[in-house]
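A note on names: the letters A, B, ... follow the listed sequences, proteins ahead of strands, and every chain is numbered from 1. The model shown is predicted, which means the values in this text are computed figures rather than measured ones.
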Amino acid sequence: MGNTNSSHKISAQDRAILDLKIQRDKLRQYRKRITDLTDRETEIAKECLARDDRKRALLALRRKKYQESLLIKSEKELDQLEQLINQVEFSLVQKDVLFGLQQGTQVLQAINKEMGGIEGVEKLMGETEEARAYQEEISQMLSGNLSNQDEDEVEDELAALQRETQRLQNLPHAPKSKLPERSNEGESQEIQYQGGKAKAQPAIPA
Amino acid sequence: MSNSTPFQFPPTYSFPPFFTPQPNSTTRLSQLQKWSLLIQSWCRHHRTYRLSLIEAIESPLFHNSTLRKRIPLSEARNILDWMAESEEKGGGGRRAEWVDGTNKTIAWVWWRRPEEWAGILADWVENTGQKNVVLTVYELVEGEATMSQEWHGMDVDVMMKSLNVLVKRGKAQVFGSEGQEGVKFF
């Protein structure tokens with residue numbers, strides 16, 4: 001318990017907020033009591049009127065009026081108190097935000113420092129550009145070195161590959177109609193097989 | 001949520017043997033379980049947290065006037081004793097607890113145990129974004145913000161017990177003077 005709570009300390013601010021909120025609660029309770037009283041005074045006034053006791057009824061109504069004025073006053077105070085509480089709580093949030101901004105700025109500054117300032121970045125970018133140009137030069141030289149014969153061979157290989165793929169797409173369709181008699185079936189299969197072989201043959205020398 | 005609708009008794013309530021301690025141990029166990037459930041839902045319905053047995057044995061809970069059957073005080077104590085026992089010891093799983101120790105006249109009825117309330121409170125704090133906010137215990141129990149919550153109007157002692165569960169878990173801190181406690185959730 002002690003360990004987990006060490007970061008959850010109750011600060012003096014928390015205590016001050018609690019005091020404010022307790023005051024607010026007390027005011028609310030007070031208002032509840034007064035509201036209850038005014039209701040009762042109305043009842044008393046009604047009862048007195050029923051007994052034809054005008055004086056007492058008037059007295060009760062006057063008391064009620066006075067209590068209602070108290071109620072209005074307390075309402076204003078309650079309002080002020082709640083505003084103050086809200087302001088305090090909002091300021092606390094603002095404080096946290098400010099702290100967060102501060103930390104963020106520090107981190108950002110530290111990172112910028114690590115990058116070595118604008119000059120360093122410019123220098124680095126220049127070097128990158130140089131290295132890239134150098135690399136491009138090398139690849140150009142390499143591609144220029146290929147002889148015509150090599151190029152032809154590459155072209156041939158590409159053509160062979162293309163034929164290969166086409167042959168795979170031109171495979172014979174499976175028969176859709178009803179299968180013929182057994183003897184016929186054997187023959188047609190042989191023909192198709194030969195056809196496939198004939199097509200495949202030109203691909204081999206390439 | 002309040003007791004505007006009358007309490008619906010379960011069917012067993014109209015079954016006369018329900019009011020007599022059963023000799024067969026299996027039947028007895030089932031009887032105790034049913035009583036435990038009935039007491040819990042009765043207390044939940046009436047938002048009762050502490051049940052005074054002296055009053056309860058005269059109330060419809062323990063006194064079925066249509067059957068003219070009642071649970072005497074001693075039997076009511078037995079039922080609550082069983083409810084207070086943990087499940088491992090063959091009891092009702094700590095659904096009750098004597099408030100006044102050995103006198104056994106008033107009992108907490110835990111239709112929600114403090115740990116369960118603690119979970120509900122923690123969820124509410126999380127969902128309403130009130131972490132790191134100082135709240136008074138009074139506003140938790142009586143405040144307008146908790147009007148729609150199940151614990152509104154809860155017995156303050158139960159609230160303190162539930163909050164203390166959260167304190168032990170390191171999720172809250174209770175401070176302030178007695179009777180004017182505040183709580184900060186983390």
Side-chain angles (χ1 to χ4, degrees), chain A residues 1-37 39 71-72 74-103, chain B residues 2 114-115 118-119 121-149 151-186:
Chain A
M1 178 177 153
N3 285 338
T4 48
N5 282 351
S6 55
S7 59
H8 301 325
K9 279 265 169 63
I10 298 299
S11 63
Q13 286 158 346
D14 290 337
R15 283 180 203 285
I17 293 174
L18 178 66
D19 281 345
L20 277 177
K21 289 198 169 176
I22 281 170
Q23 288 308 317
R24 180 202 58 191
D25 287 351
K26 277 186 184 158
L27 212 53
R28 282 216 182 125
Q29 276 163 306
Y30 173 75
R31 283 171 55 77
K32 225 183 238 177
R33 205 169 66 221
I34 297 284
T35 319
D36 198 51
L37 269 179
D39 289 349
L71 215 54
I72 292 170
S74 68
E75 193 171 22
K76 274 182 197 152
E77 280 167 21
L78 193 65
D79 240 28
Q80 280 177 338
L81 211 52
E82 278 187 344
Q83 264 180 23
L84 187 62
I85 291 170
N86 281 339
Q87 274 166 2
V88 170
E89 281 183 341
F90 186 61
S91 307
L92 279 178
V93 173
Q94 276 183 322
K95 195 190 83 180
D96 282 351
V97 171
L98 203 68
F99 181 71
L101 282 176
Q102 221 168 29
Q103 285 217 315
Chain B
S2 65
E115 307 92 78
L121 281 168
D123 284 348
W124 175 75
V125 168
E126 180 83 46
N127 291 336
T128 50
Q130 297 194 87
K131 278 189 172 180
N132 285 316
V133 175
V134 177
L135 296 167
T136 62
V137 173
Y138 174 82
E139 83 175 297
L140 265 179
V141 176
E142 301 285 349
E144 285 158 13
T146 62
M147 205 80 102
S148 57
Q149 301 301 321
W151 70 80
H152 189 82
M154 178 195 249
D155 191 296
V156 175
D157 289 335
V158 181
M159 179 55 86
M160 291 313 291
K161 275 173 188 279
S162 313
L163 290 176
N164 280 327
V165 173
L166 287 175
V167 170
K168 276 197 187 124
R169 288 187 200 155
K171 284 190 166 177
Q173 191 69 274
V174 175
F175 62 109
S177 52
E178 207 183 321
Q180 301 191 338
E181 287 97 343
V183 60
K184 190 175 177 185
F185 293 95
F186 303 108

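The distance from atom CG of Asp19(A) to atom OG1 of Thr136(B), rounded to the nearest 0.5 Å, is 11.5 Å. Annotation: the span from Lys9(A) atom NZ to Phe186(B) atom CZ amounts to 10.5 Å, rounded to 0.5 Å.
Minimum interatomic distance between Leu18(A) and Gln180(B) (heavy atoms only, all atoms of both residues): CD2-O, 4.0 Å. Annotation for Val133(B) and Glu89(A): closest pair CG1-OE2, 3.5 Å, computed over non-hydrogen atoms.
Within a 6.0 Å sphere centred on CD of Glu144(B), heavy atoms belonging to other residues, nucleotides or ligands number 12 at most.
By number of non-hydrogen pairs under 4.5 angstrom with chain B, the leading residue of Leu92(A), Ile22(A), Asp25(A) is Asp25(A).
Salt-bridge check for Glu139(B) with Arg28(A): failed, with every basic side-chain N at 4.0 Å or more from each acidic carboxylate O.
With hydrogens and angles disregarded, a donor-acceptor distance shorter than 3.5 Å links the side chain of Lys21(A) to the backbone of Val134(B).
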